[in-house]
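For reference, the structure discussed in these notes is given below.
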Protein chains: 2
Amino acid sequence: MRSNQSRFALLGLLSMGAMSGYDLKQLSSWSVGHFWRESYGQIYPVLKDMTQAGLIRRKTDKTTGRPERHVYSLTPAGRKELNQWLARPVVDEVPRSELLLKLFFGGLAPVSVSQDHIAEHRKRNTQALAEYAEIRKRLDRECGNDPRKPFWLMTLSYGESMANAAMQWCDQTLSELG
Amino acid sequence: MRSNQSRFALLGLLSMGAMSGYDLKQLSSWSVGHFWRESYGQIYPVLKDMTQAGLIRRKTDKTTGRPERHVYSLTPAGRKELNQWLARPVVDEVPRSELLLKLFFGGLAPVSVSQDHIAEHRKRNTQALAEYAEIRKRLDRECGNDPRKPFWLMTLSYGESMANAAMQWCDQTLSELG
DNA sequence: CGTAGCATGTAAGTTGTTACATGATTCG
DNA sequence: CGAATCATGTAACAACTTACATGCTACG
């Protein structure tokens with residue numbers, strides 16, 4: 001059975017409303033985009049699989065001109081699958097970090113190489129914080145008093161915590177490096 | 001050309017001394033283990049590829065009884081490849097987080113589900129901190145005044161920073177939830 | 001005598017990315 | 001009129017995991 005992980009991300013997004021593959025990509029890019037990305041090359045095949053498995057159903061909007069819009073929505077089986085996944089414990093995996101790998105072997109190159117990597121990392125975290133601020137605004141604008149909002153904010157504040165900690169580490173490490 | 005990422009991890013480890021596939025696994029598990037993991041199913045094929053590509057060379061230790069030990073060491077070409085990789089900018093990718101995905105959709109289930117996920121995450125970070133402390137000790141014991149030690153410590157302190165920030169976030173979020 | 005550690009590797013399957021292929025509409 | 005957006009999908013490849021297959025030695 002294909003795409004265990006992506007499957008649930010898409011099911012979750014579809015729980016927010018019926019959507020096309022294109023819509024899923026758009027919505028995911030800002031809502032869960034800072035900790036979960038999907039490509040079209042993954043989205044379309046997985047939607048097909050899940051339709052066959054009866055987890056979602058598809059309706060076709062006839063639009064004049066443009067290609068047809070395939071709108072997917074959860075079936076009861078899909079909703080059940082999603083809830084079961086939610087309750088299962090998180091599998092803990094060590095995410096690979098190219099940055100840390102390069103720093104670990106930093107002694108092989110001039111210090112400036114490591115300094116550059118760290119400076120770049122700092123910059124990216126600054127940018128991330130700016131994006132989080134945008135998302136926060138958008139959430140306040142578009143999702144006023146949705147009961148799910150606290151959960152969405154939780155993931156945002158996680159990102160913010162990590163980014164802030166990363167920046168502090170960058171500053172301290174850069175100063176130690178000289 | 002196979003295994004772009006693992007390639008460099010293994011080249012890096014081999015820069016610390018000639019080693020067998022088995023040794024690479026052992027060494028990596030504690031040295032870079034908290035941000036980089038390799039499986040044997042990846043290590044052995046990649047070693048084969050890199051040998052053919054001339055980045056490493058292999059010598060066979062005849063041991064009585066036990067299977068032969070294949071000890072790999074860097075060639076000048078391998079060293080060059082490693083140095084070029086070190087200097088290239090880090091590709092930034094969004095690591096997927098099953099935890100955050102589950103929390104994002106937490107509104108679909110009882111709050112206790114999310115609370116459990118967070119509590120478990122907290123526990124894992126506590127354990128991680130304990131492991132980092134062990135590595136720190138081991139580093140002091142075995143690598144007294146190695147000039148590369150500051151770089152190794154850098155990656156450790158990164159892990160500690162992240163783990164501490166994660167725990168603070170867990171505490172705060174749990175208190176807000178309940 | 002059983003279990004853990006030493007030691008190497010393969011095969012099959014899963015998961016995911018990138019590039020390709022297509023083509024209309026809308027806005028500046 | 002060119003670029004961005006809407007919109008769907010496939011094919012080829014890349015990367016990685018898991019389970020399997022083998023078998024010795026040292027220790028308790």
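Every chain is numbered from 1 and lettered A, B, ... according to where its sequence line falls, protein lines coming before strand lines.
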Tell me: CD of B:Q42 to P of C:dG13, nearest whole Å? 18 Å

Can you check the A:M50 CE to C:dT15 P distance for me, whole Å? 13 Å

Side chain of A:H70 (C-beta onward), nearest among D:dT8, C:dT18, C:dT10: D:dT8

Per the under-4.0 Å heavy-atom filter, residues of residues 13-28 of chain B near DNA chain C come out as B:S20, B:G21, B:Y22

Please tabulate, for side-chain N and O atoms in residues 102-110 of chain A, each donor-acceptor pair with protein atoms closer than 3.5 Å (sequence neighbours left out).
unit_1, atom_1, unit_2, atom_2, d
A:K102, NZ, A:E98, OE2, 2.7
A:K102, NZ, B:W85, O, 3.2
A:K102, NZ, B:R88, O, 2.9

For A:D23, is there an ion pair with A:R69 - N to carboxylate O distance below 4.0 angstrom? yes

Which nucleotide sits closest to the side chain of A:R69: C:dA7, D:dA7, D:dC16? D:dA7

Does a side-chain N-to-carboxylate-O contact under 4.0 Å join B:R124 and B:E120? yes

Salt bridge check: are A:R96 and B:E38 linked by an N-O gap of less than 4.0 Å? yes

OP1 or OP2 of D:dC16 under 4.0 Å from side-chain N/O of B:S6: yes

Regarding the side chain of A:Y44, the nearest nucleotide among D:dT8, C:dG9, C:dT15 is D:dT8

In whole Å, what is the span from the CG atom of A:N4 to the C1' atom of D:dT17? 13 Å

Round to the nearest Å and state the distance from A:W36 atom CH2 to C:dT15 atom C1'. 11 Å

Tell me which of A:Y40 and B:Y72 sits closer to the 5' end of DNA chain C, going by the nucleotide each one is nearest to. B:Y72

Can you measure B:E93 atom CD to C:dG16 atom C1' for me and round it to whole angstrom units? 11 Å

Which pairs would a plain distance check flag for residues 52-59 of chain A, meaning a side-chain donor or acceptor within less than 3.5 Å of a matching protein atom at least two apart in sequence or in another chain?
unit_1, atom_1, unit_2, atom_2, d
A:R58, NH2, A:H70, ND1, 3.4
A:R58, NH2, A:H70, NE2, 3.2

Using whole Å, report how far CG of B:D49 lies from P of C:dT10. 11 Å

Atom CZ of A:F8 to atom P of C:dG16: distance rounded to whole Å? 11 Å

Interatomic distance where CG belongs to B:L47 and C1' belongs to C:dT8 [whole Å]: 11 Å

Please work out if B:R96 contacts a base, only the sugar-phosphate, or nothing of the nucleic acid, heavy-atom cut-off 4.0 Å. sugar-phosphate

For the residue pair B:Q168 / B:Q172, report whether a side-chain donor-acceptor contact shorter than 3.5 Å exists. no

From the options C:dT10, C:dG16, D:dT10, select the nucleotide whose nearest atom is closest to the side chain of A:P45. D:dT10

So, A:R37 and B:E93, do they make that salt bridge, N to O below 4.0 Å? no

